[in-house]
Number of protein chains: 4
Amino acid sequence: MATALAPRKAPRQARSRKTRDAILVAAGGILAREGLRGLTTNHVARAAGISIGSLYQYYPNKQAIIGALLTESRAAVLAGMEAAAEAAADAALDVVVCAMVRARLRQLFEQPGLTEALERAEAELPADQGLARQRTQVQAQVVAVLAEYYVDDPETVARDVLALAEGMAHAALRAGEAAFEPLAQRVERAVTGYLAGVVPEA
Amino acid sequence: MATALAPRKAPRQARSRKTRDAILVAAGGILAREGLRGLTTNHVARAAGISIGSLYQYYPNKQAIIGALLTESRAAVLAGMEAAAEAAADAALDVVVCAMVRARLRQLFEQPGLTEALERAEAELPADQGLARQRTQVQAQVVAVLAEYYVDDPETVARDVLALAEGMAHAALRAGEAAFEPLAQRVERAVTGYLAGVVPEA
Amino acid sequence: MATALAPRKAPRQARSRKTRDAILVAAGGILAREGLRGLTTNHVARAAGISIGSLYQYYPNKQAIIGALLTESRAAVLAGMEAAAEAAADAALDVVVCAMVRARLRQLFEQPGLTEALERAEAELPADQGLARQRTQVQAQVVAVLAEYYVDDPETVARDVLALAEGMAHAALRAGEAAFEPLAQRVERAVTGYLAGVVPEA
Amino acid sequence: MATALAPRKAPRQARSRKTRDAILVAAGGILAREGLRGLTTNHVARAAGISIGSLYQYYPNKQAIIGALLTESRAAVLAGMEAAAEAAADAALDVVVCAMVRARLRQLFEQPGLTEALERAEAELPADQGLARQRTQVQAQVVAVLAEYYVDDPETVARDVLALAEGMAHAALRAGEAAFEPLAQRVERAVTGYLAGVVPEA
DNA sequence: GATGAATGAGAGTTCATTCAT
DNA sequence: CATGAATGAACTCTCATTCAT
């Protein structure tokens, strides 16, 4: 009964995969530039250089496109954060967390506007289990690290850290900041300050 | 082409003002409960207990309603933050800033969902000068305080502080947190930590 | 979850009622002339001399229009058959039944094509309780009479009688027969013949 | 404008004929199960285990498939009725007619749903000469018998008899009757009764 | 011949907005 | 001023049909 959010056909052939990706790229661009209001299926199809019928061969409905965009976006964060966590393994807690946060920030900077628009879009979407799970996974990755350091209430801490970083990044991007490093350092200050009251004395 | 966002007529008469407010209350409730998707003009009119025709006597279009809601919301923050700043006058920088941030947080908690939905709505609206100015004013109030303490680049600092607080609050509310004080203290930790690297030794 | 088939608003004002009826008349005409394929909402609106938006103020969806048409059609049969049954009260069984059948036939002749098209349309519609109940009522009226005469298995008999009459009428109309009486008499012959093997000796 | 309803190529090769039949079987099944609404060309192709492109190699359009289904169905009736008529040759008029009617009923019972759906489908199709002729042939076969017995207006009688039988059968099937014989006997009663007023004393 | 990706006209439906009453 | 019926552009999605591979 719940609308399927899964893409429609597995892209076995190279051409198919290209079309599928072209749709996502087009949709992402529109979403970032014009917001959810501008994201009409016809508009996406035109921007992707395909017909509306083709679009619906790849995605069963508009939500599925947004869902795929979200999935892709979150997979990228997850991958980035995982890599960062591994690279910083065995460092102090705040160092590891900051590394993960940086990975997240980098993504926000690479697709300015898109991530924010996507999250706004998700809020307007009917609730979907798959998407909810994905949203949790990003946080869960931070939780895992925090747990290793015996941080109390790691869920809340992870949520706080990610939320403050994202909040700052969105505001900075909206204000026109283009440089990554200065923002990253300011975020790190906030994160470190926040964590100072959380880390057990070890 | 630029649609006027100003309300249509000055509410000189008491009845007019009441109707105007009823529209905003109805719209705000719907926005908080059902998101931008559920906010249709007919729906608002019905919820406000008036006809669709009357609604358009008070607001020239849907955007104007959202604009009024945003204006109202921001006026409340401004008032709250101003009061907080005065009450904490002459205290240490972080104390004053935290007091202002608390005022902001309190508003977010009082209308959970609405503020967030309102901001999402604003992002989807065509850019409007008036609203942009308002957004700046909230930040400007913090900037004014920071400047008194000779903080460097007060615009960025103000933006950062507000953004991290709002980010954390939204995440907490979405996660179902209902208690104000715990969140406020966590936010203060982040703000204080962030500010520590900013305050001149003076 | 099941699509509502009920009309949207009660037509209190005369104008409203007129529009509602105009929609049904237009839809009925199209259905009779062009079949379900030709029955598009835009087509109906145009034929009714209203805008598509207005159409949807009166009926929540296309099915509801078909449903209303069916309801109207069945109400007419029911009324006609009831009147016929009363007028023929106390007559012999076959006389009463034939009177009812005639009432049914008369309706089929008055709106040639429509009844048939409506039934075809109903078959393509998702099952709806309300409609199913209505369909039963026509038969139930015959059952009631048969029961009074102690006919065995009145449900089957009623179904048979109505079905043979309708089958003959549809075929006759499709073949271009325009005169009512000759057909009615042929149907009566079949009905009487059929009933002869059914009536208890009394 | 008049779309050709004839199949596209003569099935000279065995494989061709098999594919052609597979298409019809698939289409017939879908039509019986899901009605005209469910009968999409892509759906048929998938159910037949071929590609949509291949489907269009065998039938020039969707109507042609329905047309072929109707042709097949009617050929079967014709054959059945012819055999029945021969087997009952020289019997009394009503015996012969009833035998033919039984043949028709048997077909309806063998493919419950399909024949009815097929007839509904035909009514929604644009009028086609070929199909109209076929429809006449079934009737013509009864006419031929009636004529032998010097029945007056044999066309009308044939139409009536077939129509009442089909009407009763469709209603019975829709009501869930599964047994053939009881229905057949009821139909025979109606037919015999009807014919009683028709046969010349001769 | 077979395939299935691609096409696009057109269907159902919504909703901001207007205007006669 | 209030009402709410009416409007129609715009949106999502389907499906018969084509055509390059």
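FYI, side chains are in, hydrogens and waters are out, and symmetry mates aren't considered; it's all heavy atoms of this structure. Note on naming: letters A, B, ... go to the chains in the order of the sequence lines (proteins, then strands), and numbering restarts at 1 for each one.
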Nearest-angstrom distance from the residue atom [atom1] of [X] to [atom2] of [N]:
X: C:Ile52; N: E:dA16; atom1: CD1; atom2: C1'; result: 17 Å
X: D:Tyr58; N: E:dG1; atom1: OH; atom2: P; result: 7 Å
X: A:Arg20; N: E:dA5; atom1: CZ; atom2: P; result: 13 Å
X: B:Arg46; N: E:dA16; atom1: CZ; atom2: P; result: 11 Å
X: A:Asn42; N: E:dA9; atom1: CG; atom2: C1'; result: 12 Å
X: C:Ile23; N: E:dT13; atom1: CD1; atom2: P; result: 13 Å
X: D:His43; N: E:dG4; atom1: NE2; atom2: P; result: 17 Å
X: D:Tyr56; N: E:dA2; atom1: OH; atom2: P; result: 16 Å

So [Y] and [X], do their side chains get closer than 4.5 Å, heavy atoms only?
X: A:Thr115; Y: A:Glu119; answer: yes
X: C:Ile65; Y: C:Leu39; answer: no
X: D:Leu24; Y: D:Tyr59; answer: yes
X: B:Leu69; Y: B:Glu72; answer: yes

By nearest-heavy-atom nucleotide on DNA chain E, the more 5' of C:Gly53 and D:Ile50 is D:Ile50
Rounded to the nearest 0.5 Å, what separation is found between the CD1 atom of D:Ile23 and the CD1 atom of D:Ile50? 3.5 Å
Look up atom NE2 in D:His43 and atom OG1 in D:Thr41, then write down how far apart they are to the nearest 0.5 Å. 11.0 Å
Donor-acceptor pair, [X] side chain versus [Y] backbone, under 3.5 Å?
X: C:Gln63; Y: C:Leu125; answer: no
X: A:Glu124; Y: B:Gly35; answer: no
X: B:Thr71; Y: B:Gly67; answer: yes

Report the stems of DNA chain F as range-with-range entries sorted by first number; a stem here is at least three consecutive pairs, Watson-Crick or G-U wobble, both distances under 3.5 Å, and write none if there are none. E:2-21 with F:2-21
Looking only at side-chain atoms of [X], point me to the closest of [options].
X: B:Lys62; options: E:dT17, F:dA9, F:dT18; value: E:dT17
X: C:Thr19; options: F:dT17, F:dA6, E:dT17; value: F:dA6
X: B:Ser51; options: E:dA5, F:dT3, E:dG12; value: F:dT3
X: C:Ser54; options: E:dT18, F:dT7, E:dT13; value: F:dT7

Sorted by number, the residues of residues 26-40 of chain C with heavy-atom contact under 4.0 Å to DNA chain E: C:Leu39, C:Thr40
Considering residues at least two apart in sequence or located in another chain, which fulfil the side-chain hydrogen bond (donor to acceptor under 3.5 Å, both in side chains) criterion with C:Arg135? C:Glu122
Nearest-nucleotide check on DNA chain F, B:Gly49 vs D:Thr41; residue mapping nearer the 5' end is B:Gly49
Can a donor-acceptor pair under 3.5 Å be found between the side-chain atoms of A:Gln57 and the base atoms of E:dA6? yes
